[in-house]
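Take a look at the structure set out below.
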Number of protein chains: 2
Amino acid sequence: MSHLRYSRLMAVDRDQVLRSAAALLTRRSTATMDEVAKAAGISRATLHRQFAGRDALVRALEALCIAECEAALAAARPDEGPAVDAVRRLIAEIEPNAPLLAFLYSENQLFEGEEQNEGWARIDERVAALFTRGQAGGEFRIDLTPAWLTEALYGLLASAAWAVAEGRVAPKDFTHMIAELLFGGVLRRDDPAPRKES
Amino acid sequence: MSHLRYSRLMAVDRDQVLRSAAALLTRRSTATMDEVAKAAGISRATLHRQFAGRDALVRALEALCIAECEAALAAARPDEGPAVDAVRRLIAEIEPNAPLLAFLYSENQLFEGEEQNEGWARIDERVAALFTRGQAGGEFRIDLTPAWLTEALYGLLASAAWAVAEGRVAPKDFTHMIAELLFGGVLRRDDPAPRKES
DNA sequence: CGCAGATGAGACATGAATGTCTCATCCAAG
DNA sequence: CTTGGATGAGACATTCATGTCTCATCTGCG
């Protein structure tokens with residue numbers, strides 16, 4: 001049946017469009033549908049055939065980001081080994097998606113009363129669970145709530161992604177900067193923050 | 001001369017309008033000029049007479065925020081005593097303006113190529129100088145650049161302000177959460193993070 | 001009282017982005 | 001070759017926020 005190949009081709013195109021849209025909106029968060037279409041090398045009509053509107057496009061980007069964050073979460077093996085190392089792995093895994101995450105993070109403020117994608121809640125939960133595990137295992141201090149640590153991690157990821165995009169910090173320092181600040185804080189100590197991984 | 005009283009009254013009204021606009025835009029970043037006017041209890045015409053347009057309004061809010069951040073910076077006495085305490089004072093002083101800061105922080109992404117208010121550069125510089133002082137004095141670790149620490153502080157302030165607005169964390173923990181994470185990091189230690197102030 | 005200045009209400013035009021539509025073209029499968 | 005499906009180009013209407021304008025009203029002051 002031809003419509004099977006059709007579906008498959010559409011899926012491929014859709015993903016390519018989504019990627020280029022992510023790349024563009026990451027830089028220019030107010031880009032119009034016209035610009036998105038041009039950036040993807042397709043016409044606005046085709047873009048509209050794949051995504052009912054700008055809203056649908058952003059929702060699709062949200063779904064993509066959620067999927068990749070969940071993949072990152074899985075790849076980071078959050079239940080394995082010391083929580084410190086798991087968080088470090090998580091940051092490293094999320095790094096490629098940090099710009100998109102930052103875009104959606106600020107875009108969410110526009111989704112005022114509208115329903116939030118429940119995917120974020122799932123991710124929040126798993127990240128918070130990782131921090132909780134670290135606290136239970138005695139690795140992390142217990143006077144900062146997992147909810148705040150999760151929120152702070154998002155904030156640091158977004159800040160770092162933005163700082164890198166603006167050229168204020170070097171891209172190669174991304175993971176190290178976030179992890180070091182998150183783990184060790186800014187205070188100098190005689191007992192430096194332990195490095196469980198290389 | 002009547003126009004003197006007029007100027008004074010305008011100034012007062014202008015400030016009131018600015019405050020209510022800040023309060024509204026902090027919650028609904030996409031509020032229209034109509035909503036801003038209604039929130040301020042004036043008509044859209046009068047709002048337009050005081051601020052040429054939405055752009056001018058945001059610029060005015062930016063100027064207000066910069067002024068208050070500089071006031072907070074001054075009140076925090078960044079050159080006085082241990083840098084740790086100075087940063088803690090700074091966070092506490094900025095706290096009331098954190099929501100507005102968070103709004104402008106995300107709004108800045110829309111000011112793509114446009115000129116940035118040089119006030120932010122001044123503030124960045126002074127905050128970075130505070131971190132540099134802490135590093136020079138041996139209080140802060142030197143493997144994280146002052147530029148990144150400054151950026152991270154903004155990110156944490158914005159994250160915390162948003163988390164508080166969303167009801168995910170308690171408002172009273174604001175300063176403590178940020179300071180503790182920024183200073184001590186998340187790792188538990190035998191030697192806890194020193195508390196120079198209460 | 002009479003006036004000047006400020007305000008509120010609302011009409012109106014503008015511009016931008018969006019969503020919808022049609023039509024010509026192209027391409028690959030039959 | 002022929003045809004169905006996808007595409008690109010572009011016209012078109014719609015919506016929404018904005019910016020500008022006018023006019024009636026109100027208020028304080030002389």
Side-chain angles (χ1 to χ4, degrees), chain A residues 1-22 24-62 103 106-107 109-114, chain B residues 1-22 24-62 103 106-107 109-114:
Chain A
M1 311 271 277
S2 69
H3 74 276
L4 277 183
R5 281 197 73 251
Y6 160 64
S7 298
R8 192 178 59 82
L9 287 176
M10 287 291 281
V12 169
D13 279 346
R14 186 187 145 100
D15 198 68
Q16 290 174 347
V17 170
L18 223 40
R19 299 285 171 180
S20 70
L24 174 60
L25 289 173
T26 282
R27 286 173 292 136
R28 301 181 26 87
S29 60
T30 58
T32 90
M33 294 293 275
D34 247 317
E35 298 175 281
V36 172
K38 278 197 169 44
I42 64 178
S43 72
R44 196 163 64 98
T46 302
L47 178 59
H48 251 281
R49 283 177 194 118
Q50 291 177 330
F51 303 98
R54 185 192 182 75
D55 205 56
L57 177 61
V58 174
R59 300 300 175 130
L61 282 173
E62 198 176 20
F103 163 70
S106 67
E107 197 79 358
Q109 306 215 346
L110 311 188
F111 287 0
E112 310 267 343
E114 308 171 32
Chain B
M1 310 270 279
S2 70
H3 75 275
L4 276 182
R5 281 198 73 250
Y6 161 62
S7 297
R8 192 178 60 81
L9 287 176
M10 286 292 280
V12 169
D13 279 344
R14 185 187 146 100
D15 198 68
Q16 290 175 347
V17 170
L18 223 40
R19 299 286 169 179
S20 71
L24 175 61
L25 288 172
T26 283
R27 285 173 293 139
R28 302 181 24 88
S29 61
T30 58
T32 89
M33 294 293 274
D34 246 317
E35 298 175 281
V36 172
K38 276 197 171 43
I42 63 178
S43 72
R44 195 164 66 97
T46 301
L47 178 60
H48 253 281
R49 284 177 193 119
Q50 290 177 330
F51 303 98
R54 186 193 181 77
D55 204 58
L57 176 62
V58 174
R59 299 302 174 129
L61 282 173
E62 198 175 21
F103 162 69
S106 67
E107 195 80 358
Q109 305 214 349
L110 310 188
F111 287 0
E112 310 268 342
E114 309 172 29

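Values in this document were obtained by computation on a predicted structure and should not be read as measured data. Order of the sequence lines fixes the chain letters, A, B, ..., with proteins taken first and strands second; residue numbering starts at 1 for each chain.
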How close or far is atom [atom2] of [N] from atom [atom1] of [X], stated in whole angstroms?
X	N	atom1	atom2	value
His48(A)	dA13(D)	NE2	C1'	14 Å
Asp55(B)	dG19(D)	CG	P	8 Å
Ile42(B)	dG10(C)	CD1	P	16 Å
Asp34(B)	dA9(C)	CG	P	11 Å
Gln50(B)	dG19(D)	CD	P	15 Å
Leu47(B)	dT18(D)	CG	C1'	12 Å
Asp13(A)	dC27(C)	CG	C1'	14 Å
Leu57(B)	dA17(D)	CG	C1'	14 Å

Looking at [options], which one has an atom nearest to any side-chain atom of [X]?
X	options	value
Arg49(A)	dT18(D), dT7(D), dG19(C)	dT7(D)
Arg54(B)	dT18(D), dG8(C), dA9(D)	dT18(D)
Ser43(A)	dG8(C), dA9(D), dG19(C)	dA9(D)
Thr32(B)	dG8(D), dT7(D), dA17(D)	dA17(D)
Met33(A)	dG19(D), dT18(C), dG8(D)	dT18(C)
Thr46(B)	dA9(D), dG19(C), dG8(C)	dG8(C)

Distance-minimising heavy-atom pair for [X] and [Y]:
X	Y	value
Phe51(B)	Ala60(B)	CE2-CB, 3.6 Å
Ile42(B)	Val17(B)	CD1-CG2, 3.8 Å
Glu35(A)	Thr30(A)	OE1-O, 4.4 Å

Touch check for Arg44(A), heavy atoms < 4.0 angstrom, all strands: base, sugar-phosphate only, or nothing? base
Which sits closer to the 5' end of DNA chain C, Ala45(A) or Glu35(A), going by the nucleotide each is nearest to? Glu35(A)
How many angstroms lie between CZ in Arg49(B) and CZ in Arg44(B), if you round to the nearest 0.5 Å? 11.5 Å
Under the criterion side chain to side chain contact (heavy atoms under 4.5 Å, CB included), I'd like the reasoning laid out for Leu25(A) against Arg28(A): C-alpha separation, chi angles, the key distance, then a yes or no. CA-CA 5 Å; Leu25(A) 289 173; Arg28(A) 301 181 26 87; over 6 Å; no
